[in-house]
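Have a look at the structure below before the remarks.
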Amino acid sequence: MTGTAEPESYFERVDAHSFVPTRHAGGAWAADEQHFSPLGGLVVHEIERTRAREGRPDLVLSRIAFDILGRIAFQRFDIHVETIRAGRTIELVEATVLVDGRATVSARAWFMTTQDTGIVAGGEPEAIAAPETLSSWPMTSVWPGGYIESLDARPVGIPQPGRTTAWVSSPLDLVSGEQASALASYVALVDTANGIAVRQEPTKWMFPNVDLTIHLYRQPEGRWTGLDTTVTFGHAGQGLTSTVLHDVRGPVGQAQQILTVRPQPDALPTGQ
């Protein structure tokens with residue numbers, strides 16, 4: 001009896017700029033879409049690889065802003081990276097994800113120099129309980145999709161509508177046969193924030209994010225991404241997912257996601 005080995009990564013590389021998703025990258029809103037979260041980590045991985053190949057200055061990622069320009073089809077795609085503001089201490093890098101030649105995700109990342117500012121450091125929020133002390137929570141009870149199935153999620157306390165703190169991790173590689181940095185692996189889990197503190201059942205309401213902006217004042221370490229998340233729905237179809245980001249040493253930054261909030265078509269009363 002022969003069988004196909006289960007993929008142990010979210011993506012497989014086709015060539016220098018092209019990738020195909022594995023089933024673990026499957027979306028939560030539709031079966032024929034990719035989940036954005038691992039794709040965000042892959043973009044960081046490709047930015048880092050490009051900067052290393054080009055011999056760019058040794059700087060650290062301080063902000064990355066993703067715009068999701070359309071549906072991320074579950075098929076082969078390309079990533080192109082370009083330095084658009086070069087410098088010795090600050091650089092701005094742009095990355096574009098193309099599906100069938102169409103720009104589907106764009107990202108701009110600021111890289112900055114490091115120096116010792118410990119004498120003036122302060123203002124960080126409190127750390128959250130360590131993941132090793134917590135029990136796993138099956139997010140598949142709320143969401144479908146290969147990406148959600150791949151996660152180990154551990155909430156701090158009982159998840160509440162619009163307010164949850166949780167750790168997430170994954171045993172999978174970003175790209176088959178490639179070593180991703182701690183940063184890329186961390187970013188690959190941040191978009192999960194919009195799914196851990198749902199205000200309404202996703203079978204009745206849609207609230208996908210059209211962007212993700214991450215600000216970091218410390219580079220994350222370890223295999224866990226900590227998400228201290230609050231979700232707000234406004235009165236006119238917009239929402240906001242706001243997250244304080246943590247690693248196992250403490251807080252590292254913040255993330256924001258703007259949401260388009262609308263009822264599921266099948267959930268509308270008859271006649272609407």
Might you point out which heavy atoms bring [X] and [Y] nearest each other, and give the distance in Å?
| X | Y | value |
| --- | --- | --- |
| Gly195 | Trp143 | O-NE1, 2.9 Å |
| Asn194 | Phe207 | ND2-O, 3.0 Å |
| Gly250 | Arg218 | O-NH2, 3.2 Å |
| Gln34 | Gln75 | NE2-O, 3.7 Å |
| Glu221 | Asp247 | N-OD2, 2.8 Å |
| Ala107 | Val43 | CB-CG1, 4.1 Å |

Mind checking whether [X] and [Y] have parallel, tilted or perpendicular rings, split at 30° and 60°?
| X | Y | value |
| --- | --- | --- |
| Phe66 | Phe36 | perpendicular |
| Tyr10 | Tyr147 | tilted |
| Trp167 | His246 | perpendicular |

Quiz item: Are Arg102 and Asp78 close enough, and set up right, to give a salt bridge (Lys or Arg N to Asp or Glu O under 4.0 Å), and what steps lead you there?
Solution: CA-CA 10 Å; Arg102 178 178 61 87; Asp78 298 333; over 6 Å; no
Self-check item: Min side-chain heavy-atom separation Met206-Val261 under 4.5 Å
Solution: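 No, every pair of side-chain atoms sits at 4.5 Å or beyond.
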If only side-chain N and O atoms count, and only distance matters, is there a donor-acceptor pair under 3.5 Å linking [Y] with [X]?
| X | Y | value |
| --- | --- | --- |
| Ser242 | Gln256 | yes |
| Glu178 | His45 | yes |
| Ser106 | Arg108 | no |
| Ser181 | Tyr186 | no |
| Thr229 | Thr164 | no |
| Asp211 | Gln257 | no |
| Ser37 | Asp191 | no |

Does a salt bridge link [X] with [Y], judged by any charged N lying under 4.0 Å from a carboxylate O?
| X | Y | value |
| --- | --- | --- |
| Asp15 | Arg13 | no |
| Arg49 | Glu46 | yes |
| Arg223 | Asp152 | no |
| Asp32 | Arg71 | yes |
| Glu94 | Arg85 | no |
| Glu149 | Arg23 | yes |

At what distance, to the nearest 0.5 angstrom, does [atom1] of [X] lie from [atom2] of [Y]?
| X | Y | atom1 | atom2 | value |
| --- | --- | --- | --- | --- |
| Thr104 | Glu33 | OG1 | CD | 11.0 Å |
| Asn209 | Thr260 | CG | OG1 | 10.5 Å |
| Asp67 | Thr213 | CG | OG1 | 7.0 Å |

Self-check item: Stepwise side chain to side chain donor-acceptor pair (under 3.5 Å) test for Thr165 and Asp228
Solution: CA-CA 4 Å; Thr165 301; Asp228 186 1; 2.7 Å; yes
Quiz item: Do the side chain of Gln219 and the main chain of Leu61 share a donor and acceptor less than 3.5 angstrom apart?
Solution: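 Pair found, side chain donor or acceptor close to backbone of Leu61.
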Do [X] and [Y] share a hydrophobic cluster (ILVMFWY, side-chain heavy atoms under 4.5 Å, transitive)?
| X | Y | value |
| --- | --- | --- |
| Val231 | Ile128 | no |
| Leu69 | Leu259 | no |
| Trp110 | Ile214 | no |

Quiz item: Checking ring pair (Phe, Tyr, Trp, His ring centres under 6.0 Å) for the pair Phe11/Phe77: CA distance, chi angles, key distance, verdict?
Solution: CA-CA 10 Å; Phe11 304 100; Phe77 60 93; 5.7 Å; yes
Exercise. Could you give me the CA-CA distance, side-chain angles and deciding distance for Glu48 and Leu183, then say whether side chain to side chain contact (heavy atoms under 4.5 Å, CB included) is met?
Key: CA-CA 10 Å; Glu48 291 180 323; Leu183 173 65; 3.5 Å; yes
Exercise. Might you work through the salt bridge (Lys or Arg N to Asp or Glu O under 4.0 Å) test for Arg51 and Glu91, ending with a clear yes or no?
Key: CA-CA 11 Å; Arg51 296 189 78 253; Glu91 291 198 329; 2.9 Å; yes
